[in-house]
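Accompanying notes for the structure given below.
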Amino acid sequence: MRYWLMKSEPSEFSIDDLEKRPHQIEHWDGVRNYQARNMMRDEMKVGDLVFFYHSNCDTPGIVGIAKISREAYPDFTAFDADNKHYDPGSKPDDPRWFMVDVQFVRKLKRTITLSELKDRPELDGLALVRRGNRLSVMPVTEAQWTYILSLE
DNA sequence: GCCAACGTTGGC
DNA sequence: GCCAACGTTGGC
């Protein structure tokens, strides 16, 4: 089993939104970065655990835990010309973009903020805190996962 | 709102 | 294949 971190802007889709979805499951659409796509398509497995991260908001940070409930399948929002993630280069018979389903597990007792994650030398290797990183999906090692949870 | 960092596009 | 221009991300 692997661990991940996935970013979402809470104004678009927050941990509370996930908790309120039917069965507390939602598809993770809109990823349009090849590196992130490859991780979702090739490496994410049902049962993998995910830190749910709120980006582009007042207090960026990890707010909850989710799990992968369905492995990669074509991101149908890429086929919809009215969708803001539309990509005419992705065809139903030859999809370019993929998504997974994530299921709510729990919220953290508090937000573990980006600024405190940056302060921890134990997390120097975490892509999230590396300069200039923009990946919206990234791997987390088991050691990093355990350490971050110990901060809760 | 600003802007640094980075990915993508497309002319050559 | 190079690289300038452009668009996006996302912290601040």
Side-chain angles (χ1 to χ4, degrees), chain A residues 2-21 26-44 48-68 71-141 143-145 147-152:
Chain A
R2 298 179 191 240
Y3 300 92
W4 306 93
L5 181 146
M6 298 171 86
K7 297 179 183 176
S8 184
E9 300 189 18
S11 60
E12 298 289 324
F13 186 70
S14 71
I15 187 78
D16 292 318
D17 294 328
L18 180 61
E19 187 176 15
K20 289 178 202 152
R21 282 290 188 275
E26 183 60 290
H27 52 267
W28 201 270
D29 62 75
V31 172
R32 296 290 181 269
N33 170 281
Y34 287 103
Q35 207 180 337
R37 177 205 68 180
N38 292 348
M39 288 188 278
M40 289 204 302
R41 186 190 60 190
D42 304 334
E43 298 182 47
M44 281 188 176
D48 285 2
L49 291 172
V50 179
F51 279 136
F52 197 113
Y53 177 89
H54 279 175
S55 66
N56 217 352
C57 56
D58 287 347
T59 308
I62 296 167
V63 295
I65 296 172
K67 65 182 176 187
I68 303 300
E71 285 163 26
Y73 59 106
D75 182 342
F76 50 76
T77 66
F79 310 140
D80 176 2
D82 295 327
N83 192 284
K84 72 174 181 178
H85 299 299
Y86 176 57
D87 178 2
S90 186
K91 311 287 190 200
D93 59 355
D94 185 19
R96 176 180 292 172
W97 305 113
F98 290 80
M99 57 189 175
V100 295
D101 286 355
V102 300
Q103 181 168 30
F104 179 84
V105 173
R106 69 175 179 90
K107 288 201 249 185
L108 298 190
K109 297 181 205 111
R110 65 180 191 88
T111 300
I112 301 176
T113 65
L114 176 62
S115 68
E116 68 185 296
L117 294 172
K118 283 180 169 173
D119 282 344
R120 304 290 181 162
E122 292 87 347
L123 299 176
D124 281 352
L126 183 65
L128 182 74
V129 300
R130 284 210 299 265
R131 175 183 165 85
N133 172 72
R134 284 170 27 188
L135 274 180
S136 62
V137 175
M138 69 188 73
V140 175
T141 68
Q144 289 164 344
W145 180 275
Y147 179 73
I148 290 168
L149 276 184
S150 78
L151 303 174
E152 182 177 4

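In this text, all values refer to a predicted model and were calculated from it rather than measured experimentally. Every chain is numbered from 1, with letters handed out A, B, ... down the list of sequences.
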Query - Whole-Å gap separating C1' (dA4(B)) and CZ (Arg130(A)) - result: 18 Å

Query raised in the report: Between Trp97(A) and Tyr34(A), how do the two ring planes meet: parallel, tilted or perpendicular, split at 30° and 60°?
Result: tilted

Report task. Report yes if the side chains of Met99(A) and Tyr73(A) come closer than 4.5 Å at any heavy-atom pair, otherwise no. Result -> yes

Requested in this report: Would you mind reporting whether Phe98(A) and Pro74(A) have side-chain heavy atoms less than 4.5 Å apart?
Outcome: yes

Query raised in the report: Looking just at side-chain N and O atoms, do Ser90(A) and Arg32(A) make a donor-acceptor pair shorter than 3.5 Å?
Result: no

Query raised in the report: Quick one, which residues of residues 50-58 of chain A touch DNA chain C with a heavy atom under 4.0 Å?
Result: Tyr53(A), Ser55(A), Asn56(A)

Report summary line: For Asn133(A) and Lys7(A), the nearest pair of non-hydrogen atoms, with its separation, is ND2-NZ, 3.9 Å

Requested in this report: Answer yes or no: are there more than 12 heavy-atom neighbours, outside Gln35(A) itself, under 6.0 Å from its atom CD?
Outcome: no

I'd like a table of atom pairs between the protein and nucleotides 6-9 of chain B - only N or O on both sides, under 3.5 Å - with the distance next to each one.
| residue | atom | partner | partner atom | Å |
| --- | --- | --- | --- | --- |
| dC6(B) | OP1 | Arg131(A) | O | 3.3 |
| dC6(B) | O2 | Arg134(A) | NH1 | 2.2 |

Requested in this report: Quick one: sort the Trp145(A) and Phe51(A) rings into parallel, tilted or perpendicular, breaks at 30° and 60°.
Outcome: parallel

**Report entry** Set of residues satisfying salt bridge (charged side-chain N to carboxylate O under 4.0 Å, His left out) with respect to Arg96(A), sequence neighbours excluded
**Finding:** Asp87(A)

